[in-house]
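What you see is a predicted model; the values in this text were computed from it and never measured. Order of the sequence lines sets the chain letters (A, B, ...), proteins ahead of strands, with each chain counted from 1.
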Amino acid sequence: MTGDPRAISMTVNGREVTLTVEPRVSLADALRQDLGLTGTHVGCEHGVCGSCTVLVDGTAVRSCLLFAVQAEGTAVETVEGLARGSALHPLQEAFRRHHALQCGFCTPGVLMTLVELLRADPCPTEAAVRDALSGNLCRCTGYQPIVAAALDAATVLAAEAAP
Amino acid sequence: MKAPPFDYHRPASLDEALGLLAGQPDARILAGGQSLVPMLNMRLAAPATLIDINRVDGLDRIEEGADRVTLGAMVRQRALEASPVVRRRLPLLAEAVAQIGHPVTRNRGTVGGSLCHLDPAAEIPAAALALDARLVAASARGTRRLAMEEFALGMMTTGLEPDEMLVAVELAAWPEGHGAGFAEFARRPGDFAMASAAALVALDGAGRVDAVRLVLGAVAATPLRVTEAEAMLMGRTPDTTLIAEAAALAGPCVTLEDPQAPLWYRARLATAMAKRALTAAVGRADRKRVAA
Ligand code: FES
Ligand code: FES
């Protein structure tokens with residue numbers, strides 16, 4: 001039966017993985033439950049909160065709205081892939097400096113949304129940051145420190161990229 | 001919640017997809033999944049079969065013709081926003097698409113998915129009606145074209161047969177120098193619109209309205225053309241008074257209401273959005289250069 005569990009392969013944070021999932025299982029649940037990558041959070045399960053945002057082949061997507069079988073053969077990046085060894089990613093470092101998280105529930109989705117933005121637009125305006133984050137709900141911070149951290153991280157990353 | 005079980009197919013070609021669709025009585029096409037998957041997760045839909053067309057070749061093309069631009073059903077909304085052809089030839093659509101959901105949902109959401117889901121508040125169906133859309137439906141039996149009026153039959157109900165799939169939409173590209181405006185009201189950016197309006201205006205050499213379209217979204221089961229407002233504007237100079245008079249005809253068209261926006265309030269929103277869209281379109285339209 002085509003609704004039965006099937007084996008699929010993909011790379012997650014650069015590592016090749018194979019897992020067996022029913023087609024109805026979302027990528028978010030497969031990451032969390034089959035691969036133990038619980039950094040990706042699941043808030044609403046209908047595309048509203050943004051906490052499940054991950055990158056699939058470099059594009060930010062809601063992993064609650066993508067079935068794991070649809071990600072077969074793709075390269076998935078999650079919040080677990082951000083840190084560079086024991087050093088935080090510059091975005092994570094900026095979040096710490098700016099106190100841009102409180103409970104941290106929204107943070108993985110916010111970070112992955114910003115990773116996509118900063119790759120496409122290394123020097124975003126504040127308006128561009130706010131537009132990118134419009135689909136991420138944060139009930140704690142009031143967004144100000146998140147926006148400040150994103151802009152700060154952009155300067156750090158730009159300095160890193162400069163020769 | 002989690003999606004109910006379904007049989008999953010991922011055809012690689014259109015023929016394969018249409019073959020599957022012909023043989024499955026209770027199948028749904030899975031495009032970008034930004035509306036269908038929430039419905040599955042909330043158990044508002046439980047089709048026996050999903051046919052995932054994300055890897056069908058050739059459905060994501062944007063083709064520029066002399067007086068039409070053809071968009072493949074799987075063109076992502078984010079790709080529309082970025083397309084120079086869409087910005088130049090279909091500025092109305094470019095403006096409308098930027099107001100759909102959020103950047104991350106637009107990464108996946110498609111043109112065809114929005115048209116087939118046909119939410120009353122959706123931006124693309126409203127823009128498509130204003131742009132005289134011809135919808136290309138394919139099945140194992142062949143291909144046919146539907147006008148928007150034949151396609152948008154009712155609340156989230158299309159004129160597609162069960163074995164048919166939308167493969168492309170052909171939109172009228174208005175002449176260079178026309179003006180477009182798309183305005184919508186929602187409580188927060190990215191929320192479903194409570195009223196929206198799409199306007200297209202072309203002016204003659206004397207600054208009079210030569211051609212005009214006014215369409216409302218989120219005010220009725222399907223997008224609505226306000227033909228009386230268009231007739232009022234034709235051949236006249238669209239100053240603020242005339243625009244306000246024409247926009248006032250939008251209010252009485254409203255039939256949709258919900259606790260968030262009762263009829264009287266939605267009617268006022270519709271008039272306000274019509275005025276904004278028309279004002280923007282007129283402001284952006286050039287007077288037609290008259291040959292010496
Ligand atoms: S859990 Fe995916 S958007 Fe909320
Ligand atoms: S830090 Fe708590 S929801 Fe954002």
Side-chain angles (χ1 to χ4, degrees), chain A residues 1-6 8 21-29 33 42 44-74 109-110 112-117 120-121 127-137, chain B residues 1-12 20 23-24 26-27 30-55 76-79 81-82 98-110 113 186-192:
Chain A
M1 269 278 285
T2 45
D4 289 342
R6 59 176 73 189
I8 52 164
V21 286
E22 271 183 89
R24 73 190 192 97
V25 172
S26 70
L27 177 61
D29 284 346
Q33 289 162 23
V42 175
C44 66
E45 297 189 315
H46 63 275
V48 170
C49 72
S51 64
C52 66
T53 306
V54 301
L55 304 188
V56 174
D57 286 338
T59 301
V61 303
R62 305 284 204 231
S63 62
C64 69
L65 299 187
L66 191 72
F67 296 111
V69 289
Q70 296 188 274
E72 187 170 9
T74 65
V110 169
M112 298 317 285
T113 305
L114 290 171
V115 167
E116 183 196 45
L117 173 73
D121 182 3
V129 171
R130 288 187 182 276
D131 183 47
L133 291 175
S134 67
N136 294 80
L137 295 182
Chain B
M1 293 210 308
K2 315 291 180 189
F6 51 80
D7 286 350
Y8 175 76
H9 296 275
R10 190 169 62 213
L20 283 164
Q24 308 283 342
D26 183 20
L30 174 60
Q34 303 301 288
S35 299
L36 179 57
V37 181
M39 289 178 70
L40 295 171
N41 288 356
M42 292 190 275
R43 307 278 172 122
L44 295 170
T49 303
L50 284 189
I51 302 172
D52 177 0
I53 57 168
N54 280 276
R55 299 197 193 180
R76 308 273 173 199
Q77 292 156 7
R78 204 71 186 277
E81 274 179 280
Q99 303 185 48
I100 304 174
H102 308 287
V104 174
T105 58
R106 297 199 292 273
N107 275 341
R108 292 289 302 172
T110 63
R187 292 240 194 256
R188 288 165 296 258
D191 279 9
F192 285 103

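- Contact count versus chain A (heavy atoms, under 4.5 Å) is highest, among B:P4, B:G101, B:P189, B:A48, for B:P4.
- Both the backbone and the side chain of A:A60 come within contact range of chain B, judged by heavy atoms closer than 4.5 Å.
- The backbone N or O of A:V69 lies less than 3.5 Å from a partner atom in the side chain of B:R10, making a donor-acceptor pair.
- Scanning all heavy atoms of the two residues, the minimum distance from A:S134 to B:P103 falls at OG-CD, 3.9 Å.
- By the salt bridge (charged side-chain N to carboxylate O under 4.0 Å, His left out) test, A:E45 is found to be paired with B:K2, residues two or more places apart in sequence or in another chain being considered.
- Of the listed residues (B:L36, B:L50, B:L30), the greatest number of heavy-atom pairs within a distance under 4.5 Å of chain A belongs to B:L30.
- No other option in A:R24, A:H46, A:E22 has as many heavy-atom pairs under 4.5 Å with chain B as A:R24.
- Between B:P38 and A:L65, some side-chain heavy-atom pair lies under the 4.5 Å cut-off.
- Both the backbone and the side chain of A:D131 have a heavy atom closer than 4.5 Å to some heavy atom of chain B.
- When every heavy atom of B:Y8 is checked against every heavy atom of A:P23, the shortest pair comes out as CB-CB, 3.5 Å.
- Side-chain contact between A:F67 and B:D52: absent, with no pair of heavy atoms (C-beta onward) separated by less than 4.5 Å.
- Separating the OG atom in A:S26 from the CG atom in B:L40 is a distance of 12.0 Å, to the nearest 0.5 Å.
- For B:D191, the salt bridge (charged side-chain N to carboxylate O under 4.0 Å, His left out) partners are B:R188, not counting sequence neighbours.
- Counting heavy atoms from C-beta on, the side chains of B:N107 and A:E116 come closer than 4.5 Å.
- Nearest heavy atoms, A:E72 versus B:R55: O-NH2, 2.6 Å.
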